[in-house]
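Every heavy atom of this structure was used, including side-chain atoms; hydrogens, water molecules and symmetry mates were not. Given the structure is predicted, the values throughout are model-derived calculations rather than measurements.
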Amino acid sequence: MKKEELRYLQRLAELYPTIGKASTEIINLQSILNLPKGTEHFMSDLHGEYEAFSHVLRNGSGAVRKKIDDVFGHTLSNSDKRSLATLIYYPKEKMELVKKSEEDMENWYKITLYRLIEVCKTTASKYTRSKVRKALPADYAYVIEELITEKAEVLDKEAYYDSIVDTIILIGRAENFIIALAELIQRLVVDHLHILGDIYDRGPGPHFIMDRLMEYHSLDIQWGNHDVVWMGAAAGQKACIATVIRNSIRYGNLDILEDGYGINMIPLATFAMEAYADDPCLVFEIKGTSNYNTLEEELGRKMHKAIAILQFKLEGQLLERNKSFQMDDRRLLHRIDYEKGTITLADGKEYELLDKNFPTVNPENPYELTEGEKEVMERLDSAFRNCEKLQNHMRLLLDKGGLYKVYNGNLLFHGSIPLNEDGSLKEVQIYGETYKGKALYDALEAYVRRAFYSVEDQEQEKGRDILWYIWAAPNSPLFGKDKMSTFERYFIADKESHKEKKNAYYRLLENEEVVNSMLREFGLDPQESHIINGHVPVHQSEGESPVKCDGKVLVIDGGFSKAYRKVTGIAGYTLIYNSYGLILSAHEPFTSADAAVSQEKDIVSNRVAVRYTSKRRLVGDTDNGMALKERIGELKQLLVAYRRGIIKEKK
């Protein structure tokens with residue numbers, strides 16, 4: 001036996017000091033391998049729509065209703081099943097409604113408790129008792145375990161369980177138990193959650209989504225471009241800070257910054273009122289509906305313009321110091337003829353500007369910040385860096401997230417893999433080094449982490465600038481278009497100038513040879529694996545399908561964001577991967593939690609089996625199963641070492 005192997009087995013012997021303990025662990029792990037694979041839940045492009053996200057999280061994209069159907073079949077009416085499902089999603093709210101109309105609450109409690117116990121038993125059956133025990137609410141763990149565990153030694157089981165349920169009702173704890181059981185079902189119905197990016201921007205509640213994710217039992221996050229720009233802002237990248245604020249103002253969501261994160265917008269408001277006092281800023285209207293009055297709308301437009309001009313200046317400075325990004329065509333302020341009120345873009349075309357008033361821009365040095373702009377940015381920089389809640393949320397993205405993930409034979413990422421027109425991997429330069437495919441993802445992610453963790457100032461700055469690059473660069477896997485035409489959309493009427501050409505990846509998703517090569521690039525078997533990503537809304541209303549390349553590629557951005565629903569026609573796709581296969585759900589627009597409770601409306605509108613397995617998948621078929629098999633092999637080696645006397649048992 002090699003010295004390194006012996007040393008490792010000696011360390012393992014500290015955990016399992018006897019033949020009996022090592023043998024017991026082997027039996028335990030082997031039994032786990034034969035349990036059904038846990039359910040994975042995939043969600044993408046949430047864009048701050050907290051209520052819709054919360055509902056889909058509660059119903060497990062239909063997984064809860066599926067469990068109810070499994071348990072009760074035709075023994076419950078559809079109406080009763082719908083009521084039970086609503087109770088599981090919103091136990092407190094549903095019980096408040098029931099109490100207004102139900103005459104015999106004691107009988108209702110008893111029936112409901114028994115129904116929830118049966119659903120709980122089925123939901124818990126695919127896990128070990130140890131895993132279920134860890135999921136139980138501390139206050140009621142013992143009693144719930146008694147209720148959901150079959151006890152062979154009890155002869156009159158009905159009387160035994162009746163006595164427990166009757167006591168729960170008698171001592172006035174029925175409602176607490178119903179809430180505990182409902183939340184346990186929600187907890188157990190999904191084993192692991194995947195968020196495929198874009199938690200932030202557009203909608204009003206990304207901070208609530210992040211709060212919820214911080215408490216979630218098991219998840220990973222693939223960063224989206226809208227998440228990365230917030231990460232850049234939290235790290236102090238000034239162009240990212242300006243972008244985050246501009247997006248928030250544009251969609252009427254300053255409450256996220258002011259109330260959600262406590263970031264003071266008064267310095268920007270004061271500056272905007274002074275700098276643009278006589279400017280109506282009409283091209284900087286706020287999108288969507290807002291509760292602003294006339295004066296607030298006017299101030300919003302001025303702040304919108306002020307931060308947009310700041311963004312264009314800061315991006316110009318960033319690109320000047322990072323010529324290797326090869327994005328000089330996005331430095332636009334020096335291309336303006338301030339006397340004529342026109343701009344000549346990099347393609348040589350001249351356009352008249354919709355807004356010709358630039359009081360803070362020096363035509364001789366257009367990217368230089370005025371003293372007022374410098375002061376505003378310094379105060380905003382400090383506010384973003386020192387916001388504890390924002391930093392905690394970004395730490396979750398760093399701890400649980402990355403640019404991509406390979407999980408149980410699937411490749412997960414938010415955007416695209418940069419490709420050439422012929423389908424080959426595109427080579428991209430990052431700070432003088434050339435990368436492509438997986439290596440590009442790995443290099444970019446390493447720089448992101450340096451922005452937060454490097455002790456060298458120069459490396460930190462490189463990391464911060466890379467966060468902006470990932471947000472907006474043509475060769476970024478998370479953006480994947482030839483340009484971000486923010487300036488053009490504000491200042492140029494000709495919509496041809498607004499067009500953003502997508503990377504070849506999106507045109508080649510039906511090419512099996514290209515898809516297979518991408519899967520192989522990440523070490524996956526093309527015959528068994530899938531690419532799952534979001535980022536570009538699927539236009540279902542135009543007949544587009546989220547299923548590409550005969551099921552090998554699944555694009556699950558269906559439009560959680562209200563801003564996209566005109567083109568998608570729905571309110572989001574989600575994906576379930578359970579022991580039977582992959583199931584895609586298309587969702588109807590979500591109205592409100594109140595409507596979901598009072599009208600018992602669920603939002604899963606259509607479920608499509610993407611791929612069923614011929615044989616039910618077990619834990620042994622998963623990545624975790626592979627790790628458990630390795631552990632079993634090591635423990636078997638330890639048993640051999642004990643039996644040969646190489647390592648002594650500690651009795």
Side-chain angles (χ1 to χ4, degrees), residues 41-62 89-90 93 186 190 193-216 219 221-230 244 247-257 259-261 286-291 393 396-397 401 414 533-541 546 555-576 584-597 601-606:
H41 192 187
F42 300 77
M43 301 171 74
S44 177
D45 297 85
L46 307 173
H47 284 298
E49 298 292 346
Y50 173 70
E51 278 210 332
F53 160 77
S54 177
H55 184 84
V56 174
L57 203 62
R58 291 167 190 264
N59 78 359
S61 284
Y89 309 153
Y90 302 99
E93 297 84 349
Q186 286 183 40
V190 171
L193 176 66
H194 304 283
I195 302 291
L196 274 72
D198 278 2
I199 296 164
Y200 282 89
D201 291 333
R202 303 284 192 266
H207 49 306
F208 297 128
I209 294 174
M210 291 300 294
D211 284 342
R212 188 76 175 271
L213 293 178
M214 288 185 78
E215 298 172 353
Y216 203 77
L219 83 153
I221 302 167
Q222 288 68 62
W223 304 327
N225 51 322
H226 286 272
D227 307 319
V228 163
V229 76
W230 276 77
V244 162
N247 276 335
S248 297
I249 296 173
R250 184 176 176 83
Y251 289 93
N253 286 327
L254 268 184
D255 288 353
I256 296 168
L257 292 170
D259 300 334
Y261 289 116
I286 292 166
K287 283 181 172 280
T289 57
S290 72
N291 299 318
H393 286 172
L396 178 73
L397 291 177
H414 176 71
N533 72 296
H535 185 52
V536 175
V538 176
H539 294 203
Q540 193 198 49
S541 58
V555 182
I556 61 168
D557 178 6
F560 259 93
S561 171
K562 292 184 178 74
Y564 293 136
R565 287 181 194 164
K566 286 182 182 177
V567 295
T568 61
I570 57 166
Y573 287 106
T574 55
L575 185 71
I576 287 290
L584 192 72
S585 293
H587 299 282
E588 298 168 348
F590 184 71
T591 49
S592 69
D594 287 342
V597 175
K601 286 186 71 174
D602 214 336
I603 64 170
V604 175
S605 58
N606 188 27

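Among residues two or more places apart in sequence or in another chain, the salt bridge (charged side-chain N to carboxylate O under 4.0 Å, His left out) test is passed with D255 by none. F53 meets the ring pair (Phe, Tyr, Trp, His ring centres under 6.0 Å) test with no other residue; sequence neighbours excluded. In this view, H41 satisfies the ring pair (Phe, Tyr, Trp, His ring centres under 6.0 Å) rule with no residue, not counting sequence neighbours. Residues satisfying the side chain to side chain donor-acceptor pair (under 3.5 Å) test with Y261, not counting sequence neighbours, are Y200, H393. Applying the side chain to side chain donor-acceptor pair (under 3.5 Å) rule to T574 yields the partners S61, H587; only residues at least two apart in sequence or on another chain are considered. Taking the side-chain contact (heavy atoms from CB on, under 4.5 Å) definition, one finds that N533 meets it with F413, Y505, I531, V553, V555, sequence neighbours left out.
Closest non-hydrogen pair, V56 versus N59, comes out as O-OD1, 2.9 Å. Taking each heavy atom of D45 and G534 in turn, the nearest pair found is OD1-CA, 3.5 Å.
A donor-acceptor distance shorter than 3.5 angstrom exists from the side chain of N253 to the backbone of G203, with no hydrogens or angles considered. Listed for the W223 side chain is a donor-acceptor partner under 3.5 Å among the backbone atoms of L397. In this structure, the side chain of D201 does not engage the main chain of H47 through any donor-acceptor pair within 3.5 Å.
Side-chain N/O atoms of H414 and D198 include a donor and acceptor closer than 3.5 Å.
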Evaluate the criterion ring pair (Phe, Tyr, Trp, His ring centres under 6.0 Å) for residue pair H55 and Y90; output intermediate values, then yes/no. CA-CA 9 Å; H55 184 84; Y90 302 99; 5.7 Å; yes
